[in-house]
Amino acid sequence: MLLENKKILIMGIRNKWSIAYGVAKSAYENGAKLLFTYMGEENKDKIKELISEFKGSKAYVLDGASEDELVKETFTKIKNENGKIDGIVHAIAHANTEDLHNDFILTSKEGFSHANDVSAYSFVLAARTAQELDMLNENASLVTLTYHGSTKVLDGYNVMGVAKAALEASVRYLADNLGKKEIRVNAVSAGPIKTLSAKGIKDFSSILTVVEEKSPLHRNVTTTQVGNVATFLLSSMSDAITGQVIYADSGYNIMGV
Ligand SMILES: NC(=O)c1ccc[n+]([C@@H]2O[C@H](COP(=O)([O-])OP(=O)(O)OC[C@H]3O[C@@H](n4cnc5c(N)ncnc54)[C@H](O)[C@@H]3O)[C@@H](O)[C@H]2O)c1
């Protein structure tokens, strides 16, 4: 099993449609022990129930993945209770609804900062905090989730595309900083999947239809398929890979028209 004896922290589980859940399924089936962060103390019981199938897993509330002190507090608790970990999967993003519905040019300063803070800075913060608290084992692997809207214009993805571009650049800089410590950093660029976050994107269903029509594999991807790519990146099978954005999108990104 690819992740035997590895402890993996998965940030951003919300429900069974979450990409984080698909990652958890794949990592667990490959032998990982799982730790989670989720948002909203009021969701505690729901999350407990959701992750009960992952034996031995634990979940920690994190109500602000871009807040330095909160992340430090949560990660300290995680390290104290579980010791060092072997990987982090960051599956967190958010933009204000109006910034996904209006034209991009209308993005406010606050909306621009918010999307970049929550969706890109939070990954840098997770990496830095984990390093400062010495919670990563040698050969640890950090993985984040991104989307094609970072490099191509998709109507309605707007400021989230800008945030994903920042996230992907952060992957490369973090990979350089952490490479000396034998820690790898990569992103999985997932094809569109109907999750709660995706519901905020205008005309999301038509994006799914286009991927099915135009991608080389003529089908959309599942959270477990995306999770399998994350498992590979978390495992030593990918130990020559760092600083990369790996597409799990049925090949859609290679198409011209
Ligand atoms: N669904 C897609 O089509 C798709 C495609 C490519 C990439 N992604 C990315 O996958 C990741 C996971 O999203 P998802 O589609 O599974 O949706 P989701 O709604 O299930 O997950 C998003 C998570 O982000 C968390 N979150 C939002 N703001 C937060 C904050 N301030 N602090 C802490 N947590 C916060 C939410 O609580 C939730 O758990 C995101 O980065 C998303 O951009 C999604």
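The structure presented is a predicted model; accordingly, all values stated were derived computationally and were not measured. Ligands are counted one by one from 1 in listed order, and the atoms in each one are counted from 1 as well.
Ranking protein heavy atoms by distance to atom 12 (C) of ligand 1, first place goes to A91 O, 3.3 Å. Summary of contacts: the protein heavy atom closest to atom 40 (C) of ligand 1 is A93 CB, 3.6 Å. The protein non-hydrogen atom at the shortest distance from atom 3 (O) of ligand 1 is I193 N, 2.8 Å. In this structure, the protein non-hydrogen atom closest to atom 9 (C) of ligand 1 is L145 CB, 3.8 Å. Ranking the protein heavy atoms by distance from atom 6 (C) of ligand 1 puts T146 O, 3.1 Å first. Taking atom 42 (C) of ligand 1 as the reference point, the nearest protein heavy-atom neighbour is K164 NZ, 3.7 Å. Of all protein heavy atoms, the one lying nearest to atom 29 (C) of ligand 1 is M39 SD, 3.4 Å. The nearest heavy-atom contact from the protein to atom 8 (N) of ligand 1 is I19 CD1, 3.8 Å.
Close approach of ligand 1 to V118 (heavy-atom distance below 4.0 Å) involves ligand atoms 28 (N), 29 (C), 30 (C), 31 (N). Of all atoms in ligand 1, numbered sequentially from 1 with element shown, those under 4.0 Å from a heavy atom of P192 are 3 (O). Applying the 4.0 Å criterion to heavy atoms of I13 picks out, from ligand 1, the atoms 39 (O). Each of the atoms 21 (O), 23 (C), 38 (C), 39 (O) of ligand 1 lies under 4.0 Å from some heavy atom of G12. The ligand atoms of ligand 1 that sit less than 4.0 angstrom from a heavy atom of G64 are 32 (N). Within ligand 1, the atoms closer than 4.0 Å to a non-hydrogen atom of H94 are 28 (N), numbered from 1 in the order shown. Near S197, meaning under 4.0 Å from one of its heavy atoms, ligand 1 places the atoms 17 (O), 18 (P), 19 (O), 21 (O), 22 (C). Those atoms of ligand 1 that come under 4.0 Å of a heavy atom in F204, given as number and element, are 3 (O).
Residue contacts with ligand 1 do not include M11, since none of its heavy atoms lies under 4.0 Å from the ligand. Residue contact annotation: G191 has a non-hydrogen atom under 4.0 Å from ligand 1. Residue contacts with ligand 1: S66 is excluded, as none of its non-hydrogen atoms falls under 4.0 Å. Judged by the shortest distance from any of its heavy atoms, Y38 lies outside the 4.0 Å radius around the atoms of ligand 1.
With hydrogens and angles disregarded, no donor-acceptor distance shorter than 3.5 Å links the side chain of T37 to the backbone of V61. Of the possible polar contacts, one joining the N15 side chain to the W17 backbone as a donor-acceptor pair under 3.5 Å is found. Side-chain N or O atoms of T144 include none that pairs as donor or acceptor with a backbone N or O of A187 at under 3.5 Å. Between the side chain of S108 and the backbone N or O of G111 there is at least one donor-acceptor pair closer than 3.5 Å. No donor-acceptor distance shorter than 3.5 angstrom exists from the side chain of D86 to the backbone of A140, with no hydrogens or angles considered. At least one donor-acceptor pair closer than 3.5 Å links the side chain of N186 to the backbone N or O of Q244.
By the 30° and 60° cut-offs, the orientation of the rings of F54 relative to Y21 is tilted. The aromatic rings of H90 and F123 sit tilted, their planes meeting at an angle between 30° and 60°.
Between N15 and ligand 1, not a single N/O pair is under 3.5 Å apart. Backbone and side-chain nitrogen or oxygen atoms of T195 are examined, and one is located within less than 3.5 angstrom of a nitrogen or oxygen of ligand 1. Taking distance alone, with nitrogen or oxygen atoms compared against 3.5 Å, Y147 stays at or beyond that limit from ligand 1. Considering backbone and side-chain N/O of A190, none are found under 3.5 Å from N/O of ligand 1. Note: an N/O pair closer than 3.5 Å links S18 and ligand 1 by distance alone.
A side-chain donor from one of N228 and S26 sits under 3.5 Å from a side-chain acceptor of the other. In the model, D68 has a side-chain atom that pairs as donor or acceptor with a side-chain atom of Y121 under 3.5 Å. Under the 3.5 Å distance criterion, with hydrogens and angles disregarded, no donor-acceptor pair is assigned to the side chains of K7 and N82.
Between H148 and Y247, the distance separating the two ring centers is shorter than 6.0 angstrom.
Using a 4.5 Å heavy-atom threshold, the side chains of I88 and V143 count as separate.
Nearest to atom 24 (O) of ligand 1 by heavy-atom distance, out of V89, L62, I92, is I92. Comparing A187, A65, G40 by heavy-atom distance to atom 33 (C) of ligand 1, the nearest is A65.
In this structure, K25 pairs ionically with E53, as a charged nitrogen and a carboxylate oxygen lie closer than 4.0 Å.
The neighbour count for K46 NZ, taken as heavy atoms of other residues, nucleotides or ligands under 6.0 Å away, is above 12.
Shown here for S122 and I92, the closest heavy-atom pair between the two residues is OG-CG2, 4.4 Å.
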